[in-house]
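For reference, the structure is listed below as structure tokens.
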Amino acid sequence: MKRVAVLISGRGSNLGALIAAQDASYRITLVISNVEGAGGLDKAREAGIATHVIPHAGKTREGFDTEMDAALRAAGAELVVLAGFMRILSDGFARGWEGRLINIHPSLLPAYKGTKVHERVIEAKEAVSGASVHFVVPELDAGPVIAQASVQVSPSDTPTTLAERILAVEHRLYPEALRLLASGKVRLENGLAVFD
Ligand code: GRF
């Protein structure tokens, strides 16, 4: 049973899915938010999970990350899951948690890294998009992919409707990927995701 910390900045729908899907492989023991009023904090509290708010204003990226790192270690976190965490992490933090730090991104990586994903997917008239769970490395949205799921893009989709459909897929995909990591069925080795 791995002790998991989840980092959020917003509503925390993925956090909610991860809480609901907890099984013998992982337990969420801490939720950290850089945003005081993040809706996900209420989801954590309702589930009886410890929460910790670490505001980022007025801090350097490294200073903020050092504070987060200390909170994670103090709580005995073994895995760190980013779920709508809207801060770029320092190289030091990413390296320090390498292989134990994952993120979910609403595109079929390596396509459409970064922000405004759905707008760009629709603009490019893509037929398919989706979601990816990946190991976090210092370069943004660039780590090895653990799991992906695709959705069809319809000509009538707006960024909002596409985001909603992808989000529903994320809620299934993220717990599956976390279970793989927590039970040792996937690991990061020499920059690659290696599956048993
Ligand atoms: C999701 O679309 C996720 O892919 C992206 O941020 C969004 C977070 O949504 N990284 P939520 O806070 O989990 O509802």
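Note that this is a predicted model, so its numbers are computed, not measured. Numbering of ligands and ligand atoms starts at 1, following listing order.
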Polar side chain donor-acceptor pair, E126 to Y112, under 3.5 angstrom
yes
Near E170 (heavy-atom distance under 4.0 Å), the atoms of ligand 1 are 1 (C), 2 (O), 3 (C), 4 (O)
With heavy atoms of R11 as the reference, note each atom of ligand 1 found under 4.0 Å away.
9 (O), 11 (P), 12 (O), 14 (O)
Partner of E67 under side-chain hydrogen bond (donor to acceptor under 3.5 Å, both in side chains), chosen from K59, H56, H52
K59
Using modelled atom types and a 3.5 Å cut-off, is there a donor and acceptor pairing between side-chain atoms of S132 and backbone atoms of Q148?
no
Without hydrogens or angle criteria, can the side chains of S90 and E62 be said to hold a donor-acceptor pair below 3.5 Å?
no
With a 3.5 Å cut-off and no angle check, do the side chains of S129 and H118 form a donor-acceptor pair?
no
Please determine if I104 has a nitrogen or oxygen closer than 3.5 Å to a nitrogen or oxygen of ligand 1.
yes
Close N or O approach (G12, ligand 1; < 3.5 Å):
yes
Interfacing atoms of ligand 1 (cut-off 4.0 Å, heavy-atom, P106)
4 (O)
Out of S13, S132, S9, G84, whose heavy atom sits nearest atom 8 (C) of ligand 1?
G84
